[in-house]
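Here, residue 1 is the first one in the sequence, and each next residue gets the next number.
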Amino acid sequence: MRVEIWSDIACPWCYIGKARFEKGLAEFAHRDEVEVVHRSFELDPSRAKGQTGLVVDMLAEKYGRTREEVAGMEANVAANARSEGLGYRTEGRDHGSTFDIHRLLHLAKARGRQDELLTLAFRANFAEDRSVFDDDVLLALAEEAGLDAGEARAVLADPEAYADDVRADEREASALGADAVPFFVLDRRYGISGGQPSEVFVQALEQAWKERPDTGLTGLGGEAAACDAEGACEVPRT
């Protein structure tokens, strides 16, 4: 069975959702027969390379909130992340174009190191004092993930390298009706939106494994926090 996950490095619920899905997958009896493929989804595709700013300022402008209110929003997300054993910095994080990150993730996919790079990039963006919008940081992460430094540098130097792959993923997400991430597709038969609890993923994996109907994409799970196509992220209270 194949599970495809559309996500963006800038989305905190993708970071949290990945951890929850992996917990659910670990409990699934047929986990060794599941192929996980990560797909690209940019929350802010209009943002240009090098156009960065603080997350707190971006959220304040997007939601029309004060910095103090944004701090409270971030504290709630942090609590959700930490409940999954994830680190989360509530201050000092920056925000920018994730297109180059997605291009490197496609290189990593071609080299069998996609999950390693995605895990490192999420950690760097949300838990560490490292900007994933800096080419030197991206190159360091690529090397840590086991990629060839020269090959990764060549991809970053060529803005068209793997660009078509990123855009193809995003077109596919649109065709499937995904307007928020994370978005999980099980065997092209079941869709799950948002950072659901791990128990939902266990149930969905078991149902998809048993039923495998020949119908179109069916939604599984209830509503859960997600980041929409305009970059807005729901922030539930804990």
For the atom pair [atom1] ([X]) and [atom2] ([Y]), what is the distance rounded to the nearest 0.5 Å?
X: Ile5; Y: Cys14; atom1: CD1; atom2: SG; value: 9.5 Å
X: Phe122; Y: Tyr15; atom1: CZ; atom2: OH; value: 9.0 Å
X: Glu42; Y: Ser97; atom1: CD; atom2: OG; value: 6.0 Å

Close side-chain approach of [X] and [Y], heavy atoms under 4.5 Å:
X: Phe201; Y: Lys23; value: no
X: Ser7; Y: Phe41; value: no
X: Tyr88; Y: Val77; value: yes
X: Leu176; Y: Trp6; value: yes
X: Lys18; Y: Leu118; value: yes
X: Leu138; Y: Leu104; value: yes
X: Arg20; Y: Asn80; value: yes
X: Leu105; Y: Leu107; value: no

Can you list the residues that meet the side-chain contact (heavy atoms from CB on, under 4.5 Å) rule with [X], with sequence neighbours excluded?
X: Glu91; value: none
X: Leu25; value: Phe21, Phe28, Arg31, Val34, Val36, Leu205
X: Arg123; value: Thr119, Leu120, Ala127, Glu128
X: Asp158; value: Glu160, Ala161

Give the minimum heavy-atom separation between [X] and [Y], together with the two atoms involved.
X: Met1; Y: Ala208; value: SD-CB, 3.8 Å
X: Ala204; Y: Ile192; value: CB-CD1, 3.3 Å
X: Ile9; Y: Ala121; value: CD1-CB, 3.7 Å
X: Leu117; Y: Ala108; value: CD2-CB, 3.9 Å
X: Arg130; Y: Ala140; value: NH2-CB, 3.9 Å
X: Leu43; Y: Ala10; value: CD1-C, 4.2 Å

With distance as the sole test, does [X] use its side chain to make a donor-acceptor pair with the main-chain N or O of [Y] at under 3.5 Å?
X: Asp187; Y: Arg2; value: yes
X: Arg65; Y: Val70; value: no
X: Arg171; Y: Ala175; value: no
X: Thr66; Y: Glu69; value: yes
X: Glu33; Y: His30; value: no

Tell me which donor-acceptor pairs under 3.5 Å the side chains of residues 147-156 have, and how far apart each pair is, sequence neighbours excluded?
unit_1, atom_1, unit_2, atom_2, d
Asp148, OD2, Gly150, N, 3.1
Asp148, OD2, Glu151, N, 2.8
Glu151, OE1, Arg111, NE, 3.2
Glu151, OE2, Arg111, NE, 3.2
Glu151, OE2, Arg111, NH2, 2.3

Are Lys109 and Glu116 close enough for a salt bridge, meaning some N to O gap below 4.0 Å?
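Salt bridge between Lys109 and Glu116, a charged N being under 4.0 Å from a carboxylate O: no.
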Between Arg167 and Glu170, does any NZ, NE, NH1 or NH2 come within less than 4.0 Å of an OD or OE carboxylate oxygen?
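Between Arg167 and Glu170 there is no salt bridge, as every charged N stays at least 4.0 Å from the carboxylate O atoms.
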Under a plain distance cut-off of 3.5 Å, with no hydrogens placed, do Tyr190 and Glu211 share a side-chain donor-acceptor pair?
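Present: a donor and an acceptor within the cut-off.
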Cut-off 3.5 Å, side chains only: do Ser131 and Asp94 have a donor facing an acceptor?
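There is such a pair (donor and acceptor under 3.5 Å, judged by atom type) between the side chains of Ser131 and Asp94.
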For atom CD of Glu61, is the number of surrounding heavy atoms from other residues, nucleotides or ligands below 6.0 Å larger than 12?
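At most 12 heavy atoms, drawn from other residues, nucleotides or ligands, come within 6.0 Å of this atom.
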Considering only Ile, Leu, Val, Met, Phe, Trp and Tyr, and joining two whenever side-chain heavy atoms are under 4.5 Å apart, list the other residues clustered with Val166.
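For the cluster that includes Val166, the remaining residues are Phe99.
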With sequence neighbours excluded, give me every salt bridge (charged side-chain N to carboxylate O under 4.0 Å, His left out) pair touching residues 49-60.
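Listed by first then second residue: Lys49-Asp100, Lys49-Asp135, Asp57-Arg67.
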Would you say Leu86 ends up clustered with Trp13 if hydrophobic residues are merged whenever their side chains have heavy atoms under 4.5 Å apart, either directly or through other cluster members?
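In one cluster with Trp13: Leu86, yes.
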Given His102 and Asp8, is the side-chain hydrogen bond (donor to acceptor under 3.5 Å, both in side chains) satisfied, shown in steps?
CA-CA 8 Å; His102 286 298; Asp8 192 15; 2.9 Å; yes
Residues which pass side-chain hydrogen bond (donor to acceptor under 3.5 Å, both in side chains) with His106, listed by chain and number, not counting sequence neighbours:
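Per chain and number, His106 pairs via side-chain hydrogen bond (donor to acceptor under 3.5 Å, both in side chains) with Ser40, Asp169.
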In chain order, what residues pass the side-chain hydrogen bond (donor to acceptor under 3.5 Å, both in side chains) check against His38, with sequence neighbours excluded?
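So His38 forms a side-chain hydrogen bond (donor to acceptor under 3.5 Å, both in side chains) with Asp115.
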Could you work out, with salt bridge (Lys or Arg N to Asp or Glu O under 4.0 Å) as the rule, every residue matching [X], not counting sequence neighbours?
X: Glu172; value: Arg188
X: Asp134; value: none
X: Glu27; value: none

Working note: Arg93 + Glu74, criterion salt bridge (Lys or Arg N to Asp or Glu O under 4.0 Å); need CA distance, chi angles, decisive distance, verdict.
CA-CA 11 Å; Arg93 295 198 337 270; Glu74 281 286 272; 2.6 Å; yes
List the steps, then state whether side-chain contact (heavy atoms from CB on, under 4.5 Å) holds for Trp209 with Leu186.
CA-CA 9 Å; Trp209 185 267; Leu186 286 65; over 6 Å; no
